[in-house]
Undergrad: 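Sharing a structure with you now.
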Protein chains: 2
Amino acid sequence: MPAPRGHAPSMRDVAQRAGVSHQTVSRVVNDSPNIRSDTRERVLQAIEDLGYRPNGLARALAHGRSRRIGLLMESSSHYGPMNMLRGVELAARRAGYAATTFGVTSPDEFDEGIDFLRDQRVDALAIIAPRAQSLESLARVTLPQACVLVGSMPPDADGFGPIPSLPRVGVDQALGARLAVQHLIASGHRMIAHLAGPADWFDAQVRRNEWFRTLEAAGLETPPTVEGDWRPQSGYDATDALLAIPGVTAVFAANDQMALGLIHGLSDRGLAIPGDLSVVGFDDIPESAHFRPPLTTVHQDFQAVGEAAVDLLLQRLGEASHGSPQQIVPELVVRTSTAPA
Amino acid sequence: MPAPRGHAPSMRDVAQRAGVSHQTVSRVVNDSPNIRSDTRERVLQAIEDLGYRPNGLARALAHGRSRRIGLLMESSSHYGPMNMLRGVELAARRAGYAATTFGVTSPDEFDEGIDFLRDQRVDALAIIAPRAQSLESLARVTLPQACVLVGSMPPDADGFGPIPSLPRVGVDQALGARLAVQHLIASGHRMIAHLAGPADWFDAQVRRNEWFRTLEAAGLETPPTVEGDWRPQSGYDATDALLAIPGVTAVFAANDQMALGLIHGLSDRGLAIPGDLSVVGFDDIPESAHFRPPLTTVHQDFQAVGEAAVDLLLQRLGEASHGSPQQIVPELVVRTSTAPA
DNA sequence: ACGGTCAATGTGACCGTTAACATTGAGCCG
DNA sequence: CGGCTCAATGTTAACGGTCACATTGACCGT
């Protein structure tokens, strides 16, 4: 590897050294046909000698495609968003795209993020906007044609949402919630409480709604919900409010972390799980299997979500697509935090 | 907002509409001095009318700086790496840089990742390579001058490592481990076992080494370690091996997840924590405070690590720096999984 | 009144590619 | 053996900015 003197070598440098025109170098690099093999050889040698690497910026500028996707995300350390981020990035890379991430901490910054990524001329845009407020700010902006909403599934089955035109991929939250609640019903529970996530999060809305509907459909009572903020502490803090519900024997927590906090709170009060109360979570974080007791929960495959998102974007970009589904199917994982009533 | 017809408007389009030269538009955009205010006004109006946005690619090509940093990471879903990723991305953004992430799943792909990011002409490179194997493949490659290793702190205090020349930032793992072990010693424990992370991870090496040294320095016995893979299950599986150590009354687990699995395993065997055995973890994941019992552990501020990494890169790039430390100080969080022997 | 200074703007080249078209020369056929 | 085809290569112009330098006037002091 030669020491880089001054600038990195350009196509012209290679051309000069190989005694050809820069266009021929370009042809070799993009292995187009109709190059005499000895010419190709000579060019390749020059490339190696100089340690030449094509400039992606220039290539993108001329060609009009940057082979990068923008990843706009409401940056939180929550398990779901983080793993979707990872899923999308990984899937993008597998498709030959790099992901340029723009994390925002407040919904106001979404506009800025879109502008930035658009200025960067990303080919496509994946948006992780788990809260309603985030989407509202998106509604005001012109979005690129290749754009997908990752994980923000609409709160109602009829597809209602602030930006109806935007395609979405994600885990079927309603199905997940239904699986959880039906499992409790099937275990004989008659009074099933819900420890909800923050009301402005789509996932929290869907899980709550479906909990409600499933209970109604089964002719069961629907006690008032208690709202947490996804964090364990909020589950802990919700303990008394949940125990205040007369006859409660089971709780469907909107995520595993709050379920953990709740379990902590219950055991602090000398209650046994699942003896006194059954608890179901949502997410299946890696720790859940080793909670005390191991948590019954709903597993979401975020890797698959990323795959689906990228697949959809590639399709929009006119590239081959695997035909991934847009709704990923969650699975109930039954452990020992639930038992017959 | 005008409907974009064909291409996005360029500087020349704006210039034409405002009746000035493209250079004047450039001046307005970069608000350089010596522009008559009515000219500026006219240009700004044209920009607004056309919905013009400067092309970041072209700008980067001409200017030689892309205002992006590359983020090369051995992609795992582990808590540490994930949060460093987030920390770096956030800090970069705050400094006006976007992060282009390239996640690899195997160390072999590091070369590819470096090439890719270099081709993309990122201004700087942050590398999250938590395993020794990853760094080996880095040693073979020419790295850009603005490059930092995030979180791969050297296994020995003397700075030994495969790539000595590369600057590093991260949490002081040795200090963290010392805090954990000294806490146990101070609580009167005499036989303190270690549930180690995978031997090829730097953090695992440092934590293990420091556990060893601290025990030696205190004149205590150093029982054989048990090695896990960071995941809760491996902690669970290690239970019997740890209990086989004669006289053991405390375990220092190399991360919280394994500590959780261990606690699970212990309670399955009817042992009380901390009554029969004290357990300390490492990381302070959000769940730790609500484990049963709440876990004594070592807190790492990954946000600060990201900040420090970006700070160092900016310095290398000749921009202002905050003078962040390169070693972030961890903190012991004492909860109730530890008690006097 | 006249050269000098300086603010305000324009001109052309350049960054490193790709795309479109032009050019060369060898092989082939009638 | 002239014209045609086609493979192999070169030439020139984009792409959309920035930079270095040239060009205008207006204002100034003497």
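Predicted model, so just to flag it, every value in this text is computed and none were measured. To find a chain, count down the sequence lines: A is the first, B the second, and so on, and within it residues start at 1.
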Undergrad: Under 4.0 Å between a side-chain N or O of His63(B) and OP1 or OP2 of dC19(D)?
TA: yes
Undergrad: Once you round it to whole Å, what is the distance between C1' of dT12(D) and CD of Gln23(A)?
TA: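 Interatomic distance, CD of Gln23(A) to C1' of dT12(D): 11 Å.
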Undergrad: Specify the separation, in whole Å, of atom CG of Asn55(A) and atom P of dC15(D).
TA: 18 Å
Undergrad: OP1, OP2 of dT9(D) versus side-chain N and O of Asn34(A): anything below 4.0 Å?
TA: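 Checking dT9(D) against Asn34(A), no side-chain N or O comes under 4.0 Å of OP1 or OP2.
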Undergrad: Checking all strands, does Pro54(B) fall into the base, sugar-phosphate, or nothing category for heavy-atom contacts under 4.0 angstrom?
TA: sugar-phosphate
Undergrad: Using a 4.0 Å heavy-atom cut-off, does Val29(B) contact any base of the nucleic acid, only the sugar-phosphate backbone, or nothing at all?
TA: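 The residue Val29(B) makes no contact with any strand.
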Undergrad: Within this structure, what is the CZ-to-C1' distance between Arg36(A) and dG10(D), rounded to whole angstrom?
TA: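 Rounded to whole Å, this separation is 14 Å.
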Undergrad: Would you say the side-chain atoms of Ser32(B) and Asn30(B) include a donor-acceptor pair closer than 3.5 Å?
TA: no
Undergrad: Specify the residue among Met11(A) and Thr24(B) whose closest nucleotide of DNA chain C lies further upstream toward the 5′ end.
TA: Thr24(B)
Undergrad: Is the closest side-chain donor-acceptor distance between Tyr97(B) and Glu89(B) under 3.5 Å?
TA: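 No pair is found: no donor N or O on one side chain lies under 3.5 Å from an acceptor on the other.
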Undergrad: Using whole Å, what does the distance between atom C1' of nucleotide dT18(D) and atom CG of Leu61(A) come to?
TA: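 Roughly 13 Å, once rounded to whole Å.
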Undergrad: Using whole Å, what does the distance between atom C1' of nucleotide dC19(D) and atom NE2 of His22(B) come to?
TA: 11 Å
Undergrad: Taking 5' to 3' order, which nucleotide of DNA chain C is first and which is last to have an atom within less than 4.0 Å of a heavy atom in chain A?
TA: dG16(C) to dA20(C)
Undergrad: I'd like to know if Asp123(A) and Arg67(A) make a salt bridge, using a cut-off of under 4.0 Å between side-chain N and carboxylate O.
TA: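 Arg67(A) and Asp123(A): not salt-bridged.
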Undergrad: Is the closest side-chain donor-acceptor distance between Asp311(B) and Gln315(B) under 3.5 Å?
TA: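 Note: Asp311(B) and Gln315(B) side chains miss the donor-acceptor criterion.
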Undergrad: I need the Leu314(A) CG to Ile69(A) CD1 distance, nearest 0.5 Å.
TA: 8.5 Å
Undergrad: Can you tell me if Arg118(A) and Asn55(B) form a side-chain donor-acceptor pair at under 3.5 Å?
TA: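 No, Asn55(B) and Arg118(A) have no side-chain donor paired with an acceptor closer than 3.5 Å.
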Undergrad: Checking contacts here: which listed nucleotide (dT11(D), dC21(D), dT18(D)) is nearest the side-chain heavy atoms of Ser21(A)?
TA: dT11(D)
Undergrad: So if I take the C1' atoms of five pairs at each end of the helix from dA1(C)-dT30(D) to dG30(C)-dC1(D) and get each local axis, what angle do the two axes make, rounded to 10 degrees?
TA: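 Comparing the axis at each end, I get an angle of 60°.
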Undergrad: One thing to verify: whether Arg93(B) and Glu307(B) come together as a salt bridge, which I'm taking to mean a side-chain N less than 4.0 angstrom from a carboxylate O.
TA: no
Undergrad: Under 4.0 angstrom, heavy atoms only, what part of the nucleic acid is Ile35(B) near: base, sugar-phosphate, or nothing?
TA: sugar-phosphate
Undergrad: Does Thr39(A) have a side-chain nitrogen or oxygen under 4.0 Å from the phosphate oxygens OP1 or OP2 of dT9(D)?
TA: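 Answer is yes, contact under 4.0 Å.
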Undergrad: Base of dG16(D), side chain of Arg53(B) - is there a donor-acceptor contact under 3.5 Å?
TA: no
Undergrad: Can you label the angle between the Phe116(B) ring and the Phe102(B) ring as parallel, tilted or perpendicular, going by 30° and 60°?
TA: tilted
Undergrad: More than 12 heavy atoms of other residues, nucleotides or ligands under 6.0 Å from CD of Gln16(A): yes or no?
TA: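 It does not: Gln16(A) CD has 12 such atoms or fewer within range.
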